[in-house]
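Below, chain A is the first sequence line, B the second, and so on; all start at residue 1.
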Amino acid sequence: MDLTRKPYKYYSFYDLETSGMNPAFDQILQFAAIRTDLNFNEIERHEFKIKLREDVIPHAGALIVNRLDVSYLLKGTNEYEATKKMHSILSSEDTINLGYNTISFDDEFMRFTYDRNLLNPYSNQNNLSNCARMDIMPITILYFLYEKNTMKWPVVNNKPSLRLEYLNSFNDLAQGMAHDALVDVEATIELAKLLRKENEEMWSYLCKGFDKNTDLQRLNNLEHIELSDGSSYSKGLFIRNKFGYKNNCISQCIKIAEDNKLNKTFWLRLDTKIFDSINEKRIFSELKKSTVSRKTGVPDFILPMSEKYNVSSSKKKELFSINEKWIQSNPQYLHELSEYFLSIEYEDRDFDLDASLYPKGAFHFDEGKKKVCNDFHEITDLNKKANFVENIQYDDVKAKATRLLGRNYYNHLSSTLKKEFDMYIQSTKEDVHIDASGKKRNTIEDALNETRSKLEDISNLDNQQVEILKSFEKYLLSK
DNA sequence: GAACAAAT
């Protein structure tokens, strides 16, 4: 552990309501945060909505969940101003930023939002202001497995579920409509209180798992299995809700590779199927399918393979021991698998500028570009801002800045930049925009189809949701 | 190829 690091003093619990699931093409519509001390005593709270951008077409499914009426979203703070506010809240000194499933959803959304607004995408987790991140959801899974008395565990349609909405309603965590950003934040804080109170030692152990060095150290302490050729591999219990509640969210794995550059490890699940009975031709592809990757310091937790923690069924335990023997006498497959995962090259797609965060790298890793971004924020006069953008020397920064200005201060653009922004708006209507994984930007036509198909069967909707869809349909037709 | 979970 890094002992020179300053201690954290605060939590900022936060939650986003958005126009959809895609962080590159959707936008934040509502933001809520409550800042507390480390004993969960509230210090301050923030809540605001963000004006719907002209170039964002919300998903009907999102509006059903967050119950935000489009007509209401057409007023309010623009994305750029709101993003600067969120940025100042979530990059406060000595603070851990967290929420429910924030690491794989909200944090990701924030990064793209920061990026298209020329702010450092990693602001929520940086050494400069000593902030870090955590996530209550993976912690909750471990309490669900090992501390059953913590609370009532929701069962919905005969299946366990750890959705925040259900945890809240089964345990009366917070009042108000679920999926309101502030209600969800309050529920998450109450949940965190319950977890810590039930077992403080476990709470503290799990919190430290979000520290990269601690996590690495724990991985290094795992027991090994020895293969017939003398090589050895760590084994551990991989906890991830994606493995399914019928498997107790657990999988018995061995670590087959570490990619230190990408900060990732790869784990072969030894309890999915019997490898010995798969023929020579198909074995490698089956091994690949049974491999999962994990980002260091971003639990999904890995626990030592002890009887105490291994809540796998006896059938799964048997599968593991059969496969363990097979792998011990077939070491060549593991070496081949390890090599394969360390040499994966990601497809180079022609994706839209709004999705360029990972593949092209953030501006804030380049000193020159970083300075341009900072200078841009410093200028308060909007006409001067527009003039500054016109003269930016880096093409990629200029293109992003142009979209930023067009989205938030269109009237201040010069005619050249207006023309460029108009072309972008046109292309959102005429061309297919994809992100780095090939997912599409939403279009008016797709949104209309989604809305109408939802309105065809309203048996699962209440009146408010139906009204929201109807006014959304009108809005789409008027665009 | 669907299902596995959770987030909108």
J.: With sequence neighbours left out, what residues match A/Tyr340 under side-chain hydrogen bond (donor to acceptor under 3.5 Å, both in side chains)?
T.: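 Checked A/Tyr340 against side-chain hydrogen bond (donor to acceptor under 3.5 Å, both in side chains); zero matches.
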J.: Could you check A/Val70, A/Ile468, A/Leu455 and say which one makes a side chain to side chain contact (heavy atoms under 4.5 Å, CB included) with A/Glu473?
T.: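 That would be A/Leu455.
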J.: Show every ring-ring contact (aromatic ring centres under 6.0 Å, His included) that has at least one partner inside residues 150-169 of chain A, sequence neighbours left out.
T.: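 Output for this query lists A/Phe144-A/Trp153.
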J.: Atom CG of A/Asn158 and atom P of B/dC4: how far apart are they, to the nearest Å?
T.: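 Distance check: A/Asn158 CG to B/dC4 P gives 13 Å.
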J.: How would you list, by chain and number, every residue that makes a side-chain hydrogen bond (donor to acceptor under 3.5 Å, both in side chains) with A/Ser321, sequence neighbours excluded?
T.: none
J.: Going by the rule side-chain hydrogen bond (donor to acceptor under 3.5 Å, both in side chains), which residues pair with A/Glu165 if we only count those two or more places apart in sequence or in a different chain?
T.: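 Only A/His179 meet the side-chain hydrogen bond (donor to acceptor under 3.5 Å, both in side chains) criterion with A/Glu165.
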J.: If the threshold is 4.0 Å, N to carboxylate O, is there a salt bridge linking A/Asp115 and A/Lys400?
T.: yes
J.: With sequence neighbours excluded, tell me which residues meet salt bridge (Lys or Arg N to Asp or Glu O under 4.0 Å) with A/Asp446.
T.: A/Lys440
J.: Each nucleotide N or O in nucleotides 6-8 of chain B that has a protein N or O under 3.5 Å away: list the pair and distance.
T.:
residue	atom	partner	partner atom	Å
B/dA6	OP1	A/Leu162	N	2.6
B/dA6	OP1	A/Tyr245	OH	2.3
B/dA7	OP1	A/Leu164	N	2.8
B/dA7	O4'	A/Asn101	ND2	2.9
B/dT8	OP2	A/His179	ND1	3.2
B/dT8	O3'	A/Glu17	OE1	2.4
B/dT8	O3'	A/Thr18	N	3.1
B/dT8	O3'	A/Asn66	ND2	3.4

J.: A/Arg441: which residues meet the salt bridge (Lys or Arg N to Asp or Glu O under 4.0 Å) condition with it, sequence neighbours left out?
T.: A/Asp352, A/Asp354
J.: May I have the distance from A/Asn157 (atom CG) to B/dC4 (atom P), rounded to whole angstrom?
T.: 11 Å
J.: Quick one: side-chain hydrogen bond (donor to acceptor under 3.5 Å, both in side chains) partners of A/Lys255, sequence neighbours excluded?
T.: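 So A/Lys255 forms a side-chain hydrogen bond (donor to acceptor under 3.5 Å, both in side chains) with A/Glu258.
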J.: Give me the residues of residues 48-55 of chain A where at least one heavy atom lies under 4.0 Å from an atom of DNA chain B, by number, or none.
T.: none
J.: Is any side-chain N of the basic residue among A/Glu186 and A/Arg45 closer than 4.0 Å to the acidic one's carboxylate O?
T.: yes
J.: Counting only pairs under 3.5 Å, give me each side-chain donor-acceptor contact of residues 242-250 of chain A, with atom names and distances, residues two or more places apart or in other chains.
T.:
residue	atom	partner	partner atom	Å
A/Tyr245	OH	A/Leu162	N	3.4
A/Asn247	ND2	A/Phe243	O	2.9
A/Asn248	ND2	A/Val311	O	3.0

J.: When you check the gap from the basic side-chain N to the acidic O, do A/Arg67 and A/Glu17 get nearer than 4.0 Å?
T.: no
J.: Using a 4.0 Å cut-off on heavy atoms, which residues in residues 453-469 of chain A reach DNA chain B? List them by number, or say none.
T.: none
J.: Got a list of protein N/O to nucleotides 1-3 of chain B N/O distances below 3.5 Å?
T.:
none

J.: Would A/Arg240 and A/Asp300 pass as an ion pair if we require N to O under 4.0 Å?
T.: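 A/Asp300 and A/Arg240: salt-bridged.
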